[in-house]
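Each chain gets a letter, A, B and so on, in the order the sequences are listed, and its residues count up from 1. Here the structure is a predicted model, which means the values were calculated and not measured.
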Amino acid sequence: MKPAYYITTPIFYVNGAPHIGHAYTMIAADVMARFKRLDGYDVFFLTGTDEHGQKVEKAAQDAGQDPQAFTDQISATFLDLARAMGLSNTQFIRTTEERHKRASQALWQRLQADGHIYLGGYEGWYAIRDEAFYDEGELTVSPSGQKLAPTGAPVEFVTEPSYFFRMSAFQERLIAYIEANPDFIAPQARRNEVLGFLRNKLTDLSISRTGFRWGVPVPGDDAHVMYVWLDALTNYLTALGYPDETAPDWRFWPADLHLVGKDILRFHAVYWPTLLMAAGLPLPKRVYAHGWWTIEGEKMSKSLGNVIDPRELVSAFGLDALRFFLLREVPFGNDGDYGRAAIVRRLNIELANDLGNLAQRTLSFVAKNAGGVMPGRGAATTADTALWAHVANLPGIVAAALDRQAFNDALAAIWVAVRAGNGYIDQQAPWSLRKTAPERMEAVLALLIDVLRVVATLLQPFMPDSMSRMLDQLGIAADARDLASLAMSVPSGTALPQPSGIFPRFVEDAA
RNA sequence: GGCGGUGUAGCUCAGCGGUAGAGCAGGGGAAUCAUAAUCCCUUGGUCGGCGGUUCAAAUCCGUCCACCGCUACCA
C-alpha cells in the first residue's frame, strides 16, 4: 500500500469574496498534493469553508437572508475558486454539513468525558464586529462616549456563562513537543513566536458562546454553541470520518501538513495541538504559516479598492502562469508583492523565453531535421555530462525543497537546468551538425529531450496543464509521468507529435 | 516596554569563519535552430554604523541606528 499523505488548507471564512491570498494557500497546497502523488504517495487533500459564528449570522441578517442560504452562496464562490485554481482536492468540506456537527460534538464529548471541559463565566468588553474581547486598558472612547476597541469597533460589556477548555494544563507538554520536534512549526521565525508566546502563562480557552445561535450546539446544553474555532479546527478530523476511527480515510490522520496564513498560526500551533492532546489524538506533523500579498506595493484592502479576484488574473495570464508566479516570486513564508509588471516579467522571461522557447527550438528542430521521431542517443561527451549533471539530482533536490515548502528553491533549481539547456544547444549548434555530423546532431537533440522530460515531469505539480502538453510533445506516455518513470526513456524512433508553443509571450497590447 | 527577525550590486534575494554571489535591470559582442527568443563577456557593493574576538568576519560577540513580526481568545 502506498504511504499516506494528508495536507490541508485552512477552511475559508465565508464573510467576504475570495482574493489572491485564498488562491495562494490553495495553490501551494495543491502543488504539494500533486507532487506527493507523483512521488508515490496516496494523498488526501482537503479544503473547504468555515461557516459558523456571530459574524456570519450578522452578515446574513444584514443581507436579509437565512444564515444557511447566505453561507451556501458564499461557500459556492470558494468552491468556484478552487475549481478555477485547478485544485486536485480530495474533498471540499463545509462546517455546516451534518457530518461535521457530529464530529465536533463527538470531539466535545470526548474532551468532556475526560474532564477537560468545565463551565465557567466569561465577562469583558466585547466587540461584535471583531468577535473579540478586549482589555479595559486597550479601549478608547469616541466623541459620542462609545467605548471602542483598538480596531475602532464599538465594544460593550458582556457577561455570559461559557464552557472552558483546560488548555493551561497542556502548556508544558506543548512546549516539550515543539522543542522535541523542530520541524513542527515553520518557518523558524514563526516557531520562535509561538515559543515566545508560550513563555507566558497559558489560560484556559473559552469554547462556547451564548450570545448567538449560528454554530454547532454544545451537546447537552442547548443554550450554548461552540466557539467557532473549536468547530473550525475539527474539520480536519471530520473529513477523515471522525469519530469513526475505523473509517477508511482515518488512516490519513495525523495530518502531514496544515498550511495556514500567518494570522491564524496560533490557532493551529497552540489551540489545536492542545485540543488533540486532550482528546488523545496524535498531533499533525507540521504547520506552515505563509506570508501575505500586497498589491503593487499597497496593502490589500476593500477601501483601497485594490482587491484582485484571482479569477481575473487567470483570464489575463492563464492559470499556470499565475500558479507559477505566486510560488516563484517570493520565498514561501515571506510576504510578497503582486505587480502586473512582475508577473509579466516572470511569464515572458522564465516561461516563454527560457522554458517555452527551449522546448520549441528543440522540438521544432527535431520535427524539421530529425524526421519527427525521438532521435538516436550517442556516447556522452564532456558537455553532455555537464548538462546532465544539472538534471540528474533534480528530482531529489525538488523533493527535498518541497518537504520544506521551499517552492521557490525548487523552481530556482529547475531553472538552472533550463538555462543550462539553452547554453548547451547554442554551444552544440545542431544546426551546424546537421551537415557535418548528423549522428551527433541526433545525440544532442535526444539529450535535450531527455532533459526536458525531467524538467516537465517535475514541473507538473506547478503547471499541470502546460506540462501535460509539453510531455505530450515529448512523447511521454500518460502513465509514465511520475517520478519513478523518470528512470525509463523513450526509445529512439518513437514518433513525436507536431510541436507547438506552450507559453506564448504576453504582449500588453494584445491582451 | 518584553521577545524575535531583517538590513549584502539600481531591484528581488542567496551566502553565514578562509580572496564578495545569482536572477532581473544597464553596457559590449556572437549566433540565427527557436516564441525578435538564445548564448558569451561585462559595468556595478568599504556586505546598515561603530567597537571587539580571530592568522582570517557579511559570516562570531557587544553596541547603536532603521524597518518588520509576535505580545491571549481577530478566518
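- Taking side-chain N and O atoms only, A:Trp229 has a distance below 4.0 Å to OP1 or OP2 of B:A75.
- Using the Watson-Crick or G-U wobble rule with both distances under 3.5 Å, B:G69 pairs with B:C3.
- To the nearest angstrom, P of B:C13 lies 12 Å from CZ of A:Arg345.
- Rounded to whole Å, atom C1' of B:C33 lies 11 Å from atom CG of A:Leu433.
- Nearer to the 5' terminus of RNA chain B, by closest-nucleotide assignment, is the contact made by A:Ala189 (compared with the other of A:Asn369 and A:Ala189).
- Whole-Å rounding puts the A:Leu347 CG to B:A37 P distance at 13 Å.
- When the nucleotides B:A75, B:C39, B:C33 are ranked by their closest atom to the side chain of A:Ile264, B:A75 comes out on top.
- For A:Glu350, the side-chain hydrogen bond (donor to acceptor under 3.5 Å, both in side chains) partners are A:Arg328, A:Arg346, not counting sequence neighbours.
- Applying the 4.0 Å criterion to OP1 and OP2 of B:U38, one finds that A:Asn353 has a side-chain N or O inside that range.
- Closest to the A:Glu193 side chain, of the nucleotides B:G69, B:A75, B:G4, is B:G69.
- As rounded to whole Å, 16 Å separates atom P of B:G4 from atom CZ of A:Arg190.
- With a cut-off of 3.5 Å on both Watson-Crick or G-U wobble distances, the partner of B:U46 is given as none.
- Base pairing analysis places B:A30 opposite B:U38; the two distances defining the Watson-Crick or G-U wobble pair are each below 3.5 Å.
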